[in-house]
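Note on naming: letters A, B, ... go to the chains in the order of the sequence lines (proteins, then strands), and numbering restarts at 1 for each one. Values reported hereafter were calculated over all heavy atoms of this structure, with side chains retained and with hydrogens, waters and symmetry mates removed. Because the structure is a prediction, the values reported are computed rather than measured.
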Number of protein chains: 2
Amino acid sequence: MGASKTEHFSQRQNTIAQLAKALAHPARVAIIDYLLGVDACICSDIVNELPLAQPTVSQHLKELKTAGLIKGSIEGNAICYCINTDVVEILQNYFAQITQKINLKKTTCC
Amino acid sequence: MGASKTEHFSQRQNTIAQLAKALAHPARVAIIDYLLGVDACICSDIVNELPLAQPTVSQHLKELKTAGLIKGSIEGNAICYCINTDVVEILQNYFAQITQKINLKKTTCC
DNA sequence: TTTATATATTGCAATATTACGATATGCGAT
DNA sequence: ATCGCATATCGTAATATTGCAATATATAAA
């Protein structure tokens, strides 16, 4: 196979999985790191920052953009990428909820 | 290729990516959901809960376990799986940090 | 217009993931 | 010991991901 049976799961579960997948590669985590660290939302020195060839970086950026984690806008002949706050919030809420449920439970098992 | 160049990234970045990858499939998100919802850390009715064959579920459980997100302990002839609080916390902190950095910045761009 | 720079796309090879049938393993009950 | 249940592992097919060279595109600068 190789294809996930997404149709059998809830939309929420698929959304979380898709966002998680977008962060499931260290290069993409590194891109997010970089965008958080840069003051002005300066564009793709990202290519220079990462130990990967330009087409590979471009591909990773595309995946982050498709997932909605980052936005990109054309700025002259360069492109300005930056984090999409709203979508990051979805993930933050997800983990906050998990933690809350864990704390509510406290039935130590395993 | 197909293999990530993990050696070029920081340990932290690789850790986050690995944990994210563990959640990068709706079935695994569903497993976490289930474990959070069940009171007693009851074992693998998980197979009955999911629309996947038993070997497939077993494989997903293994991935969650390898990533450290869940723990499993033998309980008679069944196995008791439950969430590993400590590791979930890593992800929660990660997103909390991101959100904090975003809020500190507030230089609206894009 | 030519040239340089920034980014995206294409095509392909290597590898990883997903899914499951068949089969093994391990334990409790009979 | 034998049976049945719960899990795991193996083997394999279908598909997805990763990475990059080559190439295309698009804008800015000369």
Side-chain angles (χ1 to χ4, degrees), chain A residues 1-9 13-14 17-31 34-35 38 41-67 70-82 110, chain B residues 1-9 13-14 17-31 34-35 38 41-67 70-82 110:
Chain A
M1 294 279 143
S4 301
K5 294 190 141 188
T6 55
E7 68 277 12
H8 295 311
F9 299 98
Q13 286 165 345
N14 280 309
Q18 223 177 320
L19 291 177
K21 187 185 267 182
L23 289 172
H25 192 291
R28 297 196 286 270
V29 175
I31 290 172
Y34 180 75
L35 288 178
V38 175
C41 165
I42 296 169
C43 321
S44 292
D45 325 90
I46 299 176
V47 173
N48 296 327
E49 278 295 313
L50 296 189
L52 296 168
Q54 179 268 322
T56 309
V57 173
S58 188
Q59 198 174 307
H60 284 305
L61 285 167
K62 192 180 179 183
E63 279 170 70
L64 284 170
K65 202 175 163 189
T66 302
I70 65 175
K71 292 186 271 190
S73 61
I74 299 169
E75 204 77 43
N77 73 338
I79 288 183
C80 168
Y81 279 113
C82 61
C110 294
Chain B
M1 291 282 142
S4 301
K5 294 189 137 187
T6 55
E7 69 277 12
H8 295 312
F9 299 97
Q13 286 165 344
N14 279 309
Q18 224 177 320
L19 291 177
K21 187 184 269 183
L23 289 171
H25 192 291
R28 297 197 288 270
V29 175
I31 290 172
Y34 181 75
L35 289 178
V38 175
C41 166
I42 295 170
C43 323
S44 291
D45 324 88
I46 299 174
V47 173
N48 296 328
E49 278 294 315
L50 296 189
L52 296 168
Q54 179 268 322
T56 309
V57 173
S58 188
Q59 200 174 307
H60 284 306
L61 284 167
K62 191 181 178 183
E63 278 170 71
L64 283 170
K65 201 174 163 190
T66 302
I70 65 175
K71 293 185 271 190
S73 61
I74 299 169
E75 203 77 42
N77 74 336
I79 289 182
C80 169
Y81 278 114
C82 61
C110 292

Can you list, pair by pair, the side-chain donor-acceptor contacts under 3.5 Å of residues 57-64 of chain B, counting residues two or more places apart and other chains?
from: B:His60; atom 1: ND1; to: B:Arg28; atom 2: NH1; distance (Å): 2.9
from: B:Glu63; atom 1: OE1; to: B:Arg28; atom 2: NH1; distance (Å): 3.1

The side chain of [X] lies closest to which of these nucleotides: [options]?
| X | options | value |
| --- | --- | --- |
| A:Leu52 | D:dG19, D:dT9, D:dA6 | D:dG19 |
| A:Ser4 | D:dT15, C:dG21, C:dT18 | C:dT18 |
| B:Pro55 | C:dA22, D:dA21, C:dG26 | C:dA22 |
| A:His60 | C:dT18, D:dT18, D:dT7 | D:dT18 |

Self-check item: Non-neighbouring partners of B:Thr56 that pass side-chain hydrogen bond (donor to acceptor under 3.5 Å, both in side chains), sequence neighbours left out
Solution: none

Between [X] and [N], is there a side-chain N or O to OP1/OP2 distance below 4.0 Å?
| X | N | answer |
| --- | --- | --- |
| B:Tyr81 | D:dA6 | no |
| A:Thr56 | D:dT18 | no |
| A:Ser58 | C:dA8 | yes |

Quiz item: Quick one: does B:Gln54 reach the base of D:dA8 with a side-chain donor-acceptor pair under 3.5 Å?
Solution: yes

Base, sugar-phosphate alone, or nothing: which one does [X] contact when heavy atoms must sit under 4.0 Å apart?
| X | answer |
| --- | --- |
| A:Ile74 | nothing |
| A:Glu63 | sugar-phosphate |
| B:Gln59 | base |

Any idea which heavy atoms bring [X] and [Y] closest together, and the distance?
| X | Y | result |
| --- | --- | --- |
| A:Leu50 | A:Ala30 | CD2-CB, 3.8 Å |
| B:Cys80 | B:Glu75 | CB-OE1, 3.9 Å |
| A:Ala22 | A:Ala67 | CB-CB, 3.5 Å |

To the nearest Å, give me how far apart [atom1] ([X]) and [atom2] ([N]) are.
| X | N | atom1 | atom2 | result |
| --- | --- | --- | --- | --- |
| A:Lys62 | C:dA6 | NZ | P | 21 Å |
| B:Arg28 | C:dA16 | CZ | P | 15 Å |
| B:Leu61 | C:dT18 | CG | C1' | 15 Å |
| B:Asn77 | C:dC27 | CG | P | 9 Å |
| B:Glu7 | D:dG19 | CD | P | 9 Å |
| A:Glu75 | C:dT5 | CD | C1' | 16 Å |
| A:Asp45 | C:dT5 | CG | C1' | 13 Å |
| B:Ile46 | D:dT7 | CD1 | P | 8 Å |

What I'd like to find out is whether the side chain of [X] reaches to under 4.5 Å of the side chain of [Y], using heavy atoms alone.
| X | Y | answer |
| --- | --- | --- |
| B:Phe9 | A:Leu52 | yes |
| A:Ile46 | A:Leu35 | yes |
| B:Tyr34 | B:Asp45 | yes |

Quiz item: Among residues 17-25 of chain A, which contact DNA chain D at a heavy-atom distance under 4.0 Å?
Solution: A:Lys21, A:His25

